[in-house]
Amino acid sequence: MKHKIKTLIQKAALKAHEQGELRSSTIPPFSVEESKSDIHGDFASNFAMTAAAAQKMAPRKIAETVIKYLDADRAFIAKTEIAGPGFINFFIRPAAWHLILNAIHTAGTQYGASDIGSGQKIQVEFVSANPTGPLHVGHGRGAAVGDSVANILSFSGYQVEKEYYINDSGRQINTLGKSVFLRYLASLGKKTDFPDDCYKGDYIKDLAAEIGLREADQLASVDEQEAIALCARLAAAKIIAGIRQDLNSFGITFDNWFSEQSLYDSGKVDAVLQNLRKQELIYPKDGALWFKTTAFGDEKDRVVVRKNGLTTYFASDIAYHLNKFERGFDRLIDVWGADHHGYCARLTACVEASGHKRDQFSVILVKLVNLLRKGKPVAMSTRAGEFVTLQEVIDEVGRDAARFLFLTRSYDSPLDFDLDLAKRQTNDNPVYYVQYVHARITSITRKADKQGLKTTDLNHQAVSRLTSGEEIRIIKLLARFPETVQHSAETMAPHRITFYLMELAAAFHSYYNKHRVLADDTELACGRLYLIAAVKIVIRNGLALLGVSAPEKM
RNA sequence: GCGCCUGUAGCUCAGUUGGAUAGAGCAACGGACUUCUAAUCCGUAGGCCGCAGGUUCGAAUCCUGCCAGGCGUACCA
């Protein structure tokens, strides 16, 4: 509808110029926005103001001229007005709004979808928690954001693949093996020191017991280093299986699980380093090898191979991201915790060094989750074994509530997750407010079915009865859904969907309390049923993008 | 010190990429269930959009400088 009005204005301006009433034929960038207040109509354009400089005319005068030549379809636009400094306000006829409902019913589950991605292959990598312990609440936020972003992009015409990167190589995995092995020895009654840098959680003891039970012979027959390596391998596999299960119960599945170790095994890391060395982007200094990331805007160069000959995490990360491009992705999105933001510049550098464009790689930095208990912060540390797992939260708060809660603010903003609040006040959670709309509508249509009333057949006569302010307001909101999704895709911001749904839910609940859907007047009832069925479609589509269910009953 | 992010109602946060009178949810107060699900609704109250300049028809939004907070600033991941 906005687009339609925009074209009307452009045509009018050109026509006015032909008739000599406007000096210039240039059309400056201008906008058509929804009016905030009904007094200003349904849409407003700032064309006259932005054109003032080029036309050397007063904005209100330009507005007058444009309106004079506006070839407005009278079935569409009821009237136009000039207001304030030169806004052109458009008042849309209800009949024009009614057409939206038909479009929603026709599109169904696809209402809100678009092809702005035009089939581009895009990869979203998220969670990627180290396999050294179960997922905790903090990971939950990244999981909710990543999955939702993937949903939204896919709905917007991108070809999306979701990937989990497993850091199954390097020091922390060795530490894991050591922790498990030491707990195993302790369980045999051998006295051992348990160093501070080892993982102290109870889950380590469980792993040790399990691995000990199954691999006792093997562990006894090899030396300590091999035993640790064996423990590491088995424990990591076990933990990954657990993580996969936790994510499943959070409603999240990945298209691909990518192993860091596989990059070493296939020689990809070495190959990439050699390649960069040929390009003279890697140089030796102080006994280590450095990547010249400063050539691409990083503040200092970064080590890829340490003095002791071991590669850094960054080295395998370079190989990993280049490998992503080799797999044919046009764009890469990484979802990271905000505490990793120091990493952005160097990874962007390696993307550019490999001949790709800077904007083909973006990082979503999700701010920290502050876990609170009775309003007081809870310290969390995987190493110390002090954390509340994601699974615990899902069990106590519920999957839908948890996912919705994680998406109730921009990821740029830190999130307080009060356990007691989330557990105790489940009824106050906004997710129920939105889901309740879906359940209510289902309940009404169920009753209508019994009365033999049709809810999904288009009846122009009935729909034309939808003239109340509340009804038009709801239709306007429904009309805004597709652009909300697109905007959310462009900015990779799922919380826009969340806020949109809360607004739509508010409009519906308010309407419900004021007007009776199953009115005595059968024709009116049919019109209203057609309307609320459209609301149901949009609520369902929106919740689906967030990974939240739309219940038939509550 | 430098870099990134954040400062909006008592609290937690939105704010349609620069638009008209800045919005929600909690919390507070007062109302609405013989009627489609009260997990709901209606009303009242609450503001120097951190501060100071600048850009222009117009700024919470863009620029500069301060102030406050968070995170980062490894041959850790």
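All values derive from a computational prediction rather than experimental measurement. A, B, ... follow the sequence lines: proteins, then strands. Residue 1 opens every chain.
Aromatic rings from A/F43 and A/F90 are positioned such that their centres are separated by 6.0 Å or more. For A/F126 and A/Y164, the ring centers sit 6.0 Å or farther from each other.
Partner of A/E470 under the salt bridge (charged side-chain N to carboxylate O under 4.0 Å, His left out) criterion, chosen from A/K476, A/R528, A/K514: A/K514.
The side chain of A/R440 places an N or O atom within less than 4.0 Å of a non-bridging phosphate oxygen (OP1 or OP2) of B/A38. Residue A/Y433 places at least one side-chain N or O closer than 4.0 Å to OP1 or OP2 of B/C41. Phosphate proximity of B/G15 to A/R496: present, with a side-chain N or O under 4.0 Å from OP1 or OP2. Here A/Y411 does not reach the OP1 or OP2 of B/C5: none of its side-chain N or O atoms lies under 4.0 Å away. Contact annotation: A/Y436 side-chain N/O to B/A39 OP1/OP2 distance is under 4.0 Å.
Spacing between atom CD1 of A/I88 and atom P of B/A20 amounts to 17 Å, rounded to whole angstrom units. Atom CG of A/L415 is separated from atom P of B/G25 by 19 Å (rounded to the nearest Å). In this structure, CG of A/D416 is placed 14 Å from C1' of B/G69, rounded to the nearest angstrom. Atom CD in A/E483 sits about 15 Å away from atom P in B/G15, given to the nearest Å. If you take CG of A/L453 and C1' of B/C36, they are 11 Å apart, rounded to a whole angstrom. Rounded to an integer number of Å, the gap from NE2 of A/H495 to C1' of B/C13 is 10 Å. Rounded to a whole Å, the CG atom of A/D42 is 17 Å from the P atom of B/A20. As rounded to whole Å, 16 Å separates atom C1' of B/G25 from atom CG of A/L407.
If you take atom P in B/C41 and the same atom in B/C63, they sit 39 Å apart, rounded to whole Å. Separating the C1' atom of B/A59 from that of B/G18 is a span of 7 Å, rounded to the nearest Å. Spacing of P atoms, B/C62 relative to B/U16, comes out at 10 Å, to the nearest Å. Comparing B/A24 with B/C42, their P atoms sit 10 Å apart, to the nearest whole Å. For B/U73 and B/U17, the P atoms lie 36 Å apart once the distance is rounded to whole Å. B/G15 and B/A9 have their C1' atoms separated by 14 Å, given to the nearest Å. Nucleotides B/C5 and B/C57, compared at atom C1', are 33 Å apart to the nearest Å. Look at the C1' atom in both B/G46 and B/A22: the space between them is 14 Å, to the nearest Å.
Taking a 6.0 Å sphere around CG of A/D197, one finds it holds more than 12 heavy atoms contributed by other residues, nucleotides or ligands.
Set against B/C41, B/U17, B/A20, the side chain of A/F87 has B/A20 as its closest nucleotide. In this structure, the nucleotide among B/U40, B/C42, B/G19 sitting nearest to the side chain of A/S510 is B/C42. The A/M554 side chain lies nearest to B/A39 when the options are B/U40, B/A39, B/U16. With B/C36, B/A20, B/U40 as the candidates, the nucleotide lying closest to the side chain of A/L518 is B/C36.
A/D334 places no side-chain N or O within donor-acceptor distance of the main-chain N or O of A/E125, the cut-off being under 3.5 Å. Here the side chain of A/N459 pairs a donor or acceptor atom with the backbone of A/A462 at under 3.5 angstrom. One N or O on the side chain of A/D400 and one on the backbone of A/S549 form a donor-acceptor pair closer than 3.5 Å.
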Name the pairs: protein N/O against N/O of nucleotides 71-77 of chain B, kept only if under 3.5 Å.
{"unit_1": "B/C75", "atom_1": "O2", "unit_2": "A/K307", "atom_2": "N", "d": "2.6"}
{"unit_1": "B/C75", "atom_1": "N4", "unit_2": "A/D286", "atom_2": "O", "d": "3.0"}
{"unit_1": "B/C76", "atom_1": "OP1", "unit_2": "A/R306", "atom_2": "NH1", "d": "3.3"}
{"unit_1": "B/C76", "atom_1": "OP2", "unit_2": "A/R306", "atom_2": "NE", "d": "2.8"}
{"unit_1": "B/C76", "atom_1": "OP2", "unit_2": "A/R306", "atom_2": "NH1", "d": "2.6"}
{"unit_1": "B/C76", "atom_1": "O2'", "unit_2": "A/R171", "atom_2": "NH2", "d": "3.3"}
{"unit_1": "B/A77", "atom_1": "OP2", "unit_2": "A/Y313", "atom_2": "N", "d": "3.1"}
{"unit_1": "B/A77", "atom_1": "O3'", "unit_2": "A/Q172", "atom_2": "OE1", "d": "3.4"}
{"unit_1": "B/A77", "atom_1": "O2'", "unit_2": "A/N130", "atom_2": "ND2", "d": "2.8"}

Atom pairs under 3.5 Å, N or O on each side, protein against nucleotides 6-11 of chain B: can you list them with distances?
{"unit_1": "B/U6", "atom_1": "OP1", "unit_2": "A/D412", "atom_2": "OD2", "d": "3.4"}

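Residues A/Y343 and A/R346 meet the side-chain proximity criterion, which asks for heavy atoms closer than 4.5 Å. Residues A/T311 and A/Y264 meet the side-chain proximity criterion, which asks for heavy atoms closer than 4.5 Å.
Judged by atom type and distance alone, A/N89 reaches the base of B/A20 through a side-chain donor-acceptor pair under 3.5 Å.
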| request: Convert the base pairs of RNA chain B into dot-bracket notation, remembering that pairs crossing earlier ones are written with [ ] and that bases paired across to another strand are shown as |; include only Watson-Crick or G-U pairs under 3.5 Å. | output: (((((((..((((.....[...)))).(((((.......))))).....(((((..]....))))))))))))....

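Taking syn as a glycosidic angle within 90° of 0, B/C33 qualifies as syn. Annotated as syn: B/U17, whose glycosidic dihedral is within 90° of 0.
If you check every strand for non-hydrogen atoms under 4.0 Å, A/H438 touches nothing. Within 4.0 Å (heavy atoms only), A/A44 reaches at least one base atom of the nucleic acid.
With respect to the salt-bridge test (charged N to carboxylate O, under 4.0 angstrom), the residues A/R465 and A/D521 qualify. Between A/E483 and A/K2 a salt bridge is recorded (basic side-chain N to carboxylate O distance below 4.0 Å). Taking 4.0 Å as the cut-off between side-chain N and carboxylate O, A/E471 and A/R473 do not count as a salt-bridged pair. Salt-bridge annotation for A/D196 and A/K200: present, with a side-chain N of the basic residue lying under 4.0 Å from a carboxylate O of the acidic one.
A/R440 forms a cation-pi arrangement with A/Y512, by the criterion of a distance under 6.0 Å to the ring centre and an angle within 45° of the ring axis.
Note: A/F291 and A/F296 have perpendicular aromatic rings, judged against thresholds of 30 and 60 degrees for the angle between ring planes.
Nearest-nucleotide positions on RNA chain B for A/S410 and A/P85 put A/S410 closer to the 5' end. With the nearest nucleotide of RNA chain B identified for both A/M502 and A/A83, A/A83 has the one nearer the 5' end.
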